[in-house]
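Contents: one structure, followed by commentary.
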Protein chains: 2
Amino acid sequence: MTAVRELPLDQLLLGDAVEMMRMLPDASIDCVFADPPYNLQLRGELRRPDDSVVDGVDDDWDKFTDFAAYDEFSRAWLSEARRLMHKDATIWVIGSYHNIFRLGAIMQDLGFWILNDVIWRKTNPMPNFRGRRFTNAHETLIWAAREPKSRYRFNYQAMKSLNDDTQMRSDWTIPLCTGGERLRNQHGLKLHPTQKPEALLHRVILAATNPDDVVLDPFSGTATTATVAKRLNRHFIGIERHPAYVEAGWARLREMRAAPAHLTRPMPSRREAPRIAFGVLVERGLVPPGTLLHDRLRRVSATVAADASIIAGAHRGSIHQVGAAVQNAASCNGWTFWHIEREGRLVALDHVRETLRP
Amino acid sequence: MTAVRELPLDQLLLGDAVEMMRMLPDASIDCVFADPPYNLQLRGELRRPDDSVVDGVDDDWDKFTDFAAYDEFSRAWLSEARRLMHKDATIWVIGSYHNIFRLGAIMQDLGFWILNDVIWRKTNPMPNFRGRRFTNAHETLIWAAREPKSRYRFNYQAMKSLNDDTQMRSDWTIPLCTGGERLRNQHGLKLHPTQKPEALLHRVILAATNPDDVVLDPFSGTATTATVAKRLNRHFIGIERHPAYVEAGWARLREMRAAPAHLTRPMPSRREAPRIAFGVLVERGLVPPGTLLHDRLRRVSATVAADASIIAGAHRGSIHQVGAAVQNAASCNGWTFWHIEREGRLVALDHVRETLRP
DNA sequence: AGAACATCTGAATCTGGCA
DNA sequence: TTGCCAGATTCAGATGTTC
């Protein structure tokens, strides 16, 4: 494969993460999700965190050789990922205490701007059999923008909606991937040691992308990221070096149907809603010239002029400017500060404005 | 001050962390708890939606020019701490995404052996006022042994007892330090910007030390670590460079009474652990160690231990077991059997527990 | 006295579009 | 790039005030 101009959209690419990423063009990716292997073994084999817990090999880590090799490997793929990300793109990286501190520090050194660390709290973690430590009941995700000035996407209202209408917190309680979702071979053994739950990717993708965005997973495994991306009408590119995983991933993708497009758009946020100027309310007679505006407790009032400026004593200007002036404040949201009287009760301008929205 | 041979036990030392640690002898400390500056990089004033100003951390001690400066500072104090720790000692370090990845990587580089990363889940975090990120609802603790071969202390049964008789997980749900526990100045403002809850230190110290062990806190602040260590009959050494904090710490220590020694020993590990959900009340100070419990008619009484077991005569165990034993009954609901005295009246534990529910 | 309501606050890397 | 300014944005819990 040689470098391509056009992105290979909705593909699982068989090959090494860094080598394959080198083929892709700069600034072409909207979001990266990466579940990197955590250790480099002597034969170049890559192991993942859960593997080490089961096998008990975590105690055998040779820190001097392996930390350096792991850091070099991490810098290589993170640098390539950063090149592929456009200015406002974000990246998610998941790991455990074995590797996440190194990954986080390297990301900061490369110029990524951490937005949150997010905890995946497992409802059903593997117990600690030897009773010598706390049950390892979580993994850590780092969510970062390409750079401090990125104007990154965050679907705040969608996350709030997903969480009973309160802000989504940095700790997510989600079960392990088990049961029918867990891919198995002919012998009923799990196909991949660390298959992530689709619920986790659902939240990641819904939080940080829009429909038709391109999500890259450089350690695709059995294509959980790609599968959820397809369901949510996002484009995906997966890279995986084990042919068996790629094959299983394609089979999984064939089974997945995308949800109807209108259901996968994030909950519209007020920030992104079309702006409605106060003048429109005046023009259309909802707040005719001469109307009296009051603050919530009727301590101050103002009069609406025909040009949608308002007048309070010596102050004249926008609803925001005059609201700030009468409070002696630096700034003010006039939409929520000012009210009009309707049937004897005060109603915020913000509420009046709602009647103009679809 | 010059180097000492004997440890200055149960003292708050006024001075710089690294300089003061240099005075102390090698391999003399059993456990370190460190809450270093987080290197927050706050760019401007932040206001709540109601336009009030958030009182952020703007202290000089949290100002570093860049990551390199922060790393150098971190390597210096972590190296000294490691020299002071004996072979089997452990260290706890708390931080947020701003600094914890750098700290974790440096700890690994210095030869510490990470045992767990532990998440402090805050029940009542400050929201994200701008709706641009996930609510920052947790902080991360790293628990590490001095070296891979350390035979470190972990009071497994005490942790299990504190957690409803199931293994203590790596995520701990504990509220912020507020209310009466929060130290304030004459004007009612918080004395220290980042005072940690005693419940957090209770769990840390109970998990990883024995009575009479020496706990070092190189960034002692208002002496939360020292205060909880005293309550649990551990020795402490606190280092703090701000005289006002040291003074407040001494005042706080004078108020604290150590619990009776036999109540602060961890639950014997061979013993069948009781089925309780009582530990949270002990940890949060609602039923502090040493509290006397009575039955409704004050015919029998028992004493609360730090690990939430209770003692009545020769009986020691859960509130349920001891309740059954003193009645010569097959079983007993300790929540309704045992009462504490409040303003001269007996209140059932079940009622005390209600205050922790929403 | 107690319920109902109002106010305050906590380790925070906290906006975006247009001229 | 910088400056201006419209306007979007909060949860749990403790404490204080009013009815």
Side-chain angles (χ1 to χ4, degrees), chain A residues 88 108 112-117 144-145 148-152 154 156-157 160 163-170 269-273 275-279 296-297 317-321 323-324 330-338 349-350 353, chain B residues 35-59 61-64 67 70 94-100 120 122-140 175-182 184 188-190 192-197 219 221 355-358:
Chain A
D88 297 336
Q108 289 179 315
F112 287 105
W113 189 244
I114 298 181
L115 300 169
N116 279 110
D117 57 338
K149 291 193 172 174
S150 298
R151 283 160 34 186
Y152 57 89
F154 176 53
Y156 175 76
Q157 289 297 342
K160 191 169 173 175
N163 190 44
D164 241 357
D165 218 27
T166 58
Q167 287 190 340
M168 185 69 82
R169 298 166 41 113
S170 58
S269 70
R270 304 191 61 196
R271 184 175 273 127
E272 287 167 311
R275 296 199 169 192
I276 298 173
F278 180 57
R296 192 172 55 86
L297 300 176
S318 74
I319 51 174
H320 314 293
Q321 290 169 332
S331 67
C332 166
N333 183 343
W335 289 108
T336 50
F337 180 74
W338 294 109
L349 291 181
D350 204 36
R353 180 172 55 165
Chain B
D35 181 14
Y38 281 13
N39 192 23
L40 300 184
Q41 296 153 59
L42 309 181
R43 292 194 268 206
E45 184 182 71
L46 177 64
R47 287 169 179 267
R48 298 185 176 81
D50 67 2
D51 217 37
S52 61
V53 176
V54 173
D55 181 18
V57 178
D58 55 358
D59 307 65
W61 48 252
D62 199 39
K63 301 255 193 292
F64 296 86
F67 282 136
Y70 188 77
I94 184 169
S96 66
Y97 66 85
H98 311 82
N99 67 333
I100 199 68
W120 169 26
K122 304 175 183 182
T123 58
N124 50 350
M126 184 157 63
N128 184 294
F129 297 117
R130 288 302 164 93
R132 294 297 295 137
R133 302 181 178 198
F134 299 98
T135 307
N136 213 340
H138 74 276
E139 294 187 28
T140 301
L176 293 171
C177 178
T178 59
E181 189 185 320
R182 189 88 193 208
R184 297 183 183 280
L189 301 174
K190 59 188 175 190
H192 189 285
T194 69
Q195 185 182 340
K196 295 291 176 287
F219 307 99
T355 63
L356 286 179
R357 297 205 166 127

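Computed from heavy atoms alone, side chains included, the values below leave out hydrogens, waters and symmetry copies. In what follows, every chain begins at residue 1, and chains take the letters A, B, ... in the order their sequences are listed.
Side-chain nitrogen and oxygen atoms of Tyr156(A) include at least one within less than 4.0 Å of the OP1 or OP2 phosphate oxygen of dT10(D). For Lys190(B) and dA11(C), the shortest distance from a side-chain N or O to OP1 or OP2 is not below 4.0 Å. Side-chain nitrogen and oxygen atoms of Arg182(B) include at least one within less than 4.0 Å of the OP1 or OP2 phosphate oxygen of dA11(C). A sub-4.0 Å separation between OP1 or OP2 of dC5(D) and a side-chain N or O of His320(A) is absent.
Each of Phe129(B) and Arg296(A) lies near DNA chain C, and the nucleotide nearest Arg296(A) is the one positioned closer to the 5' end.
Residue-level contact check: Ser318(A) touches the backbone only, with heavy atoms under 4.0 Å from sugar-phosphate atoms and none from bases. Arg133(B) comes within 4.0 angstrom of a base, heavy atoms only. Counting non-hydrogen atoms under 4.0 angstrom, Trp120(B) reaches nothing in the nucleic acid. Counting any heavy atom pair closer than 4.0 Å across all strands shown, Asp164(A) reaches no nucleic acid atom. Nucleic acid contact class of Asn136(B) (heavy atoms, under 4.0 Å, all strands): sugar-phosphate only. Using a 4.0 Å heavy-atom cutoff across all strands shown, Pro197(B) reaches no nucleic acid atom at all. Across all strands, Gly95(B) comes closer than 4.0 Å to no nucleic acid atom at all (heavy-atom distances). Nucleic acid contact for Gln195(B): none, since no nucleic acid atom lies under 4.0 Å from a heavy atom of the residue. No engagement by Pro148(A) is indicated, since no non-hydrogen atom pair under 4.0 Å with the nucleic acid exists. Ser96(B) comes within 4.0 angstrom of nothing in the nucleic acid, heavy atoms only. Residue contacts for Arg47(B): at a heavy-atom cut-off of 4.0 Å it reaches no nucleic acid atom on any strand shown. Counting non-hydrogen atoms under 4.0 angstrom, Leu115(A) reaches nothing in the nucleic acid. Heavy atoms of Arg169(A) sit nowhere under 4.0 angstrom from any nucleic acid atom.
Partner assigned to dA6(C) is dT15(D), using Watson-Crick or G-U wobble distances below 3.5 angstrom. Nucleotide dT13(C) has no partner under the Watson-Crick or G-U criteria, as no pair reaches both atom distances under 3.5 Å. dT2(D): Watson-Crick or G-U partner is dA19(C), with both key distances under 3.5 Å. Base pairing of dG7(D): no nucleotide in any strand meets the Watson-Crick or G-U wobble criterion (both distances under 3.5 Å).
Computed from coordinates, the Arg130(B) CZ to dG7(D) P distance equals 15 Å when rounded to whole Å. Summarising the geometry, the separation between CZ on Arg275(A) and P on dG16(C) is reported as 11 Å, rounded to the nearest angstrom. Between the CZ atom of Phe337(A) and the C1' atom of dC5(D) there is a distance of 18 Å, given to the nearest Å. Atom CG in Asp59(B) sits roughly 12 Å away from atom P in dA12(C) (whole-Å rounding). Asn124(B) has its CG atom 10 Å from the C1' atom of dA14(D), to the nearest Å. Put simply, CG on Leu349(A) is 15 Å from C1' on dA8(D), counting in whole angstrom units.
Looking at the side chain of His98(B), the nearest of the listed nucleotides dT9(D), dG16(C), dA12(C) is dA12(C). Closest approach to the Pro127(B) side chain among dG7(D), dC14(C), dG10(C) is made by dG10(C) (side chain taken as heavy atoms from C-beta onward). Considering only side-chain atoms of Leu42(B), the nucleotide from dC14(C), dA6(D), dA12(C) that sits closest is dA12(C). When distances run from any side-chain atom of Trp335(A) to the nucleotides dT13(C), dT9(D), dG7(D), the shortest one goes to dG7(D). Closest to the Lys196(B) side chain, of the nucleotides dA11(C), dC11(D), dA6(D), is dA11(C).
Distance noted for atom C1' between dT10(D) and dT7(C): 14 Å (whole Å).
Summarising the local packing, CG of Asp164(A) is surrounded by 12 or fewer heavy atoms from other residues, nucleotides or ligands at distances under 6.0 Å.
Evaluation of atom-type donor-acceptor distances gives a pair under 3.5 Å for the side chain of Arg48(B) against the base of dG10(C).
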